[in-house]
Undergrad: 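Let me give you the structure first, and then I'll get to my questions.
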Protein chains: 2
Amino acid sequence: MNPVQLIIKKRDKQRLTKPEIHFFITEYLNGNISEYQMSAMLMAILLKGMDLEETYWLTQEYIESGEVIKFENTNSRFIDKHSTGGVGDKVSLILAPIAAECGISVPMISGKGLGHTGGTLDKLESIPGFQIQTSLSRFKELVLKNGLAVISQSKEIVPADRRIYALRDVTGTVESIPLMTASIMSKKIASGIDGLVIDLKVGNGAFIRDIDTAKKLAESFNKIGARFGKKVEILFTNMDSPLGTCVGNSIEVIESVDFLKGNYQKDLKEVTFVLLSEMLIMAGIVRNYDKAENMILQKIKSGRALQRFAKFVELQGGNPDIVNDYSILGEAEYSLPIIADSEGYIKDINSREIGWALIDIGAGRKKVSDKIDHQAGVKLYKKVGDKISKGDALGEVFYNKGNGKIVANNIKKSYQIGAKPVQKRSMILGTFSSFGV
Amino acid sequence: MNPVQLIIKKRDKQRLTKPEIHFFITEYLNGNISEYQMSAMLMAILLKGMDLEETYWLTQEYIESGEVIKFENTNSRFIDKHSTGGVGDKVSLILAPIAAECGISVPMISGKGLGHTGGTLDKLESIPGFQIQTSLSRFKELVLKNGLAVISQSKEIVPADRRIYALRDVTGTVESIPLMTASIMSKKIASGIDGLVIDLKVGNGAFIRDIDTAKKLAESFNKIGARFGKKVEILFTNMDSPLGTCVGNSIEVIESVDFLKGNYQKDLKEVTFVLLSEMLIMAGIVRNYDKAENMILQKIKSGRALQRFAKFVELQGGNPDIVNDYSILGEAEYSLPIIADSEGYIKDINSREIGWALIDIGAGRKKVSDKIDHQAGVKLYKKVGDKISKGDALGEVFYNKGNGKIVANNIKKSYQIGAKPVQKRSMILGTFSSFGV
């Protein structure tokens, strides 16, 4: 087989065969197909597509490039939650201990933040001592022992994706349905799950900005999952404004712990509860949302979810006392309020702009190699639908370095204020099953 | 500017600005944009296109990446002929000395063969001593002195194309109208021409297989030429079967010398005469094809075109005695007839298959680094429309190494024989002006 002929085949919108996809991926990993040939192929795939069969073969090649975790001799259900990435999205920190407390095992292999979106691992690393790198055998042990573990993608799991994702990131080939499907589903399947609930974020702060593309992507996730015998449910959620109050790292950990203590921000609660309900229904633990909500509330009120979180932090080397003493996480040296200079109703908060603004004070990263300042971030006191007056504090920026004034000003600009009252929107746009795509 | 954002812009079918194209090309040449980013951009350009304005800017960047030849203090008309590449295409060797004899100056910067198509430079290098590399000042001197010179692309001329073409060749991004236009027109404009006649080959043996694509490419050549104040005429010619009798290197030189002695193969004569006529009309030397044909025939019959060829060979270091003594070129050690095993009329000869078959005996190259065997090749005694009987020699393979039998058999397979008589086709499909595209 000739790599150039395969690139031309895809470029001309022809279907690649299973042996051709196998050849292209394995020879790339062996160093016989160059980076520039792979990037031409990726652009051809992005622009000409792959059908479900090709996407399945590609996902299979990804999986087979590394190790696959198997949880054996257990009756537990292994269900993970994946988010396509948003601003202020700390759902994993809250959801995983509650799910574990309800009897689900959550083997979570997560990512670091890049661009305007934050990463679960960066938030966890703001906890002193917390280790995100472990061996796969230790990861399995933690999941079986405590019902959850959250680690970074190891070299053993889907090495094909590690290399290809890095290339996609610098060649404008991220936003492709088959490439996103192979990348996400391969890692989840290799992590040993039975089922997966995906939080597919749609809107100005998400990678996917329109619902039609989101539905196509959801269909791809669902069908590829089915080909591997995995249940996949997809929740479409609104990412037109940040989730919850805090955007940053340590402050999002604090918000998550507060949540586990029963202090919920409305939008964050809505998304977290629905995702958890879908996991519980998928696991066969409850039959409907009402039953799920009762169970979730009970796990929070009893304090058991918080205990499970503390245990999880401890098992991964972190200081579990943070659940009682937030000062362990440290505080940013400076803070600056964001003061409204007009009155009216908040129509929209552009979360993409907030994500990018925060990079300047180290709360996020532009490049993979950028270092995170864990204490930096913003608290948003006013959300979409709120009525504000001139002089009100819309939020507060926390920072150690960089120009807080510029960041505060950029965040203020991300607020759209209108004269008329605005109806508060639901965060949930629908589920894949309910849409019946 | 950010290279990834520019790739995404083109990927999303947006127009690049002049400063953006400038940035992408110059930063690539400076090493700040990687090969894999360039290849993603090339694939995006191939699939999403560039309008004429973008193509003009790209061509300009190509030209400005190197030196531009200027012929000063001369009244001569500098007109070149370019072929998009075919099988058995030795037209340049015949046309350039005749044009020079008619008073046109032909500054020809040519290429080596790649894939199934042959290269003028490989044919010339089969002449002992012939030098295809000279300084630009020596090239100018030769053109001004003898009316023609044929050299390889020097490092000084359009270095952007040298690097980008090599990348296109291995990433499936050759067949793009804006990229082909920038590549060809930049080199021709930098070589100091006033006008250009392009032999745009269409058919199974050409890069362009259908007339609609050929017309679009012709329009692009013509309009970009006009933007630089250059006349560009395009002749569409048939490449459904090889041109002339010989396909190889030294045997094509012999066929060319024979032509200049007045022994013409019909299809080769048709193409060469029309291209020459267009050059003579463009230069204002004659007004129509009849006048042109008279002048061309006179230059051949008088022996002056042959003398001019011998002088050209001598000035570039080759042995001019080859025009009288073909044995100087050497002969292949082995030959093998290709015997017809059925009877009927030749409907088609697949020249692409012949080109690829000949690579096995070294008459062509798969990779730029492959070495050519100058004596290897095939003579095709029977052409489209000819009636044949079982046992007739369709042709003869000449070779020093490789498996001649397999090559002869593959060439036999490229012949399609039918029961019914076949009308002989004209090689000329039309001109850009006559089509009025």
Undergrad: Atom CD1 of Ile372(B) and atom CG of Asp370(B): how far apart are they, to the nearest 0.5 Å?
TA: 8.0 Å

Undergrad: How long is the gap from OG on Ser65(B) to CD1 on Ile25(B), to the nearest 0.5 Å?
TA: 8.5 Å

Undergrad: Could you tell me which residues satisfy side chain to side chain donor-acceptor pair (under 3.5 Å) with Asn2(B), sequence neighbours excluded, listed by chain and number?
TA: none

Undergrad: By the ring-ring contact (aromatic ring centres under 6.0 Å, His included) test, which pairs, at least two apart or in different chains, include something from residues 15-51 of chain A?
TA: none

Undergrad: Given the options Glu35(A), Gln5(A), Met38(A), which has more heavy-atom pairs under 4.5 Å with chain B than any of the others?
TA: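 The residue among Glu35(A), Gln5(A), Met38(A) with the greatest pair count is Glu35(A).
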
Undergrad: By number, which residues in residues 46-56 of chain B have some heavy atom less than 4.5 Å away from chain A?
TA: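 Residues in range: Leu46(B), Leu47(B), Lys48(B).
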
Undergrad: Cut-off 3.5 Å, no hydrogens considered: what does the side-chain donor-acceptor table look like for residues 169-180 of chain B, sequence neighbours left out?
TA:
{"from": "Thr171(B)", "atom 1": "OG1", "to": "Leu167(B)", "atom 2": "O", "distance (Å)": "2.7"}
{"from": "Thr171(B)", "atom 1": "OG1", "to": "Thr173(B)", "atom 2": "OG1", "distance (Å)": "2.9"}
{"from": "Glu175(B)", "atom 1": "OE1", "to": "Arg11(A)", "atom 2": "NH1", "distance (Å)": "2.8"}
{"from": "Ser176(B)", "atom 1": "OG", "to": "Leu179(B)", "atom 2": "N", "distance (Å)": "3.2"}

Undergrad: Counting neighbours of NZ on Lys155(B) that are heavy atoms of other residues, nucleotides or ligands and sit closer than 6.0 Å, is the number greater than 12?
TA: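 No, the 6.0 Å shell around NZ holds no more than 12 heavy atoms from other groups.
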
